[in-house]
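Everything below concerns the one structure shown next.
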Amino acid sequence: MAKATITFEDINVTVTVPAGTRVIEVSEKVGSAITYGCREGDCGTCLMKVTDGWNNLTEPSVLEDKVLRDNMAGKHNRLACQAQALGGKICVKPA
Amino acid sequence: MSAFALENTEGKPVAVALSERVHWVGAFDPDLRTFDIILKTANGTSYNAYVVRGNAGVAIIDTVKEEFADEFFARLESIADYSEITVIVLNHLEPDHTGALPELMKRAPQAQLYISQKAQSMLKGLLKQDEISFIPVLTGDTVSLGDRSLYFLHTPYLHWPDTQCTYVPEEKTLFSGDVFGCHFCDKRLFNNETGDFRFSFEYYYAHIMRPFKEYVLRALELIEPLPLKLIAPTHGPILRDRPERYIQRYRQLSSPGLHSELSPNQKTLLIFYISSYGNTRRMAEAIYKGAMQVQDVRVSLYDLEGGEVSPFVDLIEDADGLILGTPTINGDAPKPIWDLLSSLTVVNLKSKLGGVFGSYGWTGEGVRLVEDRLRGLKLRVPIPGLRVKLIPTVDEIMECEAFGLELAQELMGLRENKIINFADLA
């Protein structure tokens, strides 16, 4: 199975994950400061900054795009509960 | 006695001139005692709104809280006809300044609404209308009123994300929104005539602007170069006597205090604890010892029982890292820990280092709960909390030292990247 690595820069931890893993599935277990609210892409609490490997994540859905806009997200921001790792190297931190 | 009238001979509220072309059309709320749940005010507040007249248009800058709309409209009508209004500016969309907006838009439908770029999505949430015509503006955008003009300054997070200020260069007047404002109700209106509002000014800054110091400093870079005769905020006295003093005070209040005493390569780490039987205290002392081994980390150790919350909040605001030691009593961290944590919303903690430890008797939930709270406050908590059952053994004391050492190393960027396999995560 294809693998990806997600580095949580705020805590300096890298996790090797199977492709398709959502960031939410990993970040709480390792103790990153990305916080969650609804966990279903609606509230925008889990906004994170993707500092490397933007293209190694699934593209944001139309709904995620709307939530990002509503939350005045910067251009390198994603919702950790929605973004899935596709492969390669990804670096994230709380927005 | 003031040199101006607030009412006409029939007792109807009228506008107050700030200059020949600028008028105050706000409202007084002397009975307010609590604002936004979190702020006290001993003599109420004012909702300041303004009219700027040019030879080719009239601008309304901000409105008032909905309940005070009648007073606002009466003052406005005393100085301008609705058909003359060409521009409405909202410096931020908080309801106490936008309450009269829907009615104003009905009475002056030809007026063009100007809001900051960041206010766009909020406007829909506020007015609950789909079709609202507005122009979003950023720093440097201008609107002409003929021989007067409006120049916008993008000053986000002071204190709402969408905050902007509006400057009228021909009047050397800054309409600053809530910046430089305070909850102080005094019908003499101007800072050289009102009672002493220094406390209210400082209190307002401490509760409203303090969490956004970084943004205050950025905004001051835009505001300080402006030639200024007058600052017109949305609450409290209008600052016409030496307005630059208030700008200087904002710079003073927003500049870091302790950091000036540190060399550039040093970082500060604070350890706070509370302890019933001395076990969490022993852990704290060992963590302190461990952290002291790392060069250039200035570590301090405090017993929460020995101090007031407020100075501790000041210390935490300036620190780079915060470690909390809490016992568990009845399944929770004790109240002094939560009192401190609930007081930290007035300071910016984002990306500071956090850590938690504590001794417990039965179940030890306190440490995990406090870790979650630190994450909620946007601290990074890279090392799982350290818990010890009752009295720490010699080995456990050594673990505490290692915990302190590791946190101090993390603070200085000396800790190596940890690589974990997803399958190994619990």
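Below, read A as the first sequence line, B as the second, and so on, with proteins coming before strands; counting in each chain starts at 1. Not measured: the values here are computed from a predicted model.
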Would you check, one step at a time, whether the test ring pair (Phe, Tyr, Trp, His ring centres under 6.0 Å) holds for B:Phe272 with B:Phe312?
-> CA-CA 9 Å; B:Phe272 291 93; B:Phe312 286 153; 4.9 Å; yes
Kindly write out the residues that satisfy side chain to side chain donor-acceptor pair (under 3.5 Å) with B:Glu365, not counting sequence neighbours, or none if the list is empty.
-> B:Thr363
Carboxylate-amine/guanidinium contact A:Lys49 A:Glu9, below 4.0 Å | no
Chain B interface, residue from A:Asn12, A:Thr16, A:Ile11 that has the most non-hydrogen pairs under 4.5 Å | A:Asn12
Using non-hydrogen atoms only, which part of B:Pro384 is less than 4.5 Å away from chain A: side chain, backbone, both, or neither?
-> neither
In terms of side-chain geometry, is the basic nitrogen of B:Arg375 or A:Glu28 positioned less than 4.0 Å from the acidic oxygen of its partner?
-> no
When heavy-atom pairs shorter than 4.5 Å are enumerated against chain A, which of B:Asn417, B:Ile383, B:Asn421, B:Leu379 gives the highest number?
-> B:Asn417
Answer with side chain, backbone, both or neither: which region of A:Ala95 has an atom nearer than 4.5 Å to a non-hydrogen atom of chain B?
-> backbone
Counting heavy-atom pairs under 4.5 Å with chain B, the top scorer among A:Thr35, A:Val17, A:Val15 is A:Val15
Determine, stepwise, if the pair A:Thr21 / A:Gln84 fulfils side chain to side chain donor-acceptor pair (under 3.5 Å).
-> CA-CA 5 Å; A:Thr21 305; A:Gln84 289 171 276; over 6 Å; no
Portion of B:Glu416 that has a non-hydrogen atom of chain A nearer than 4.5 angstrom = backbone
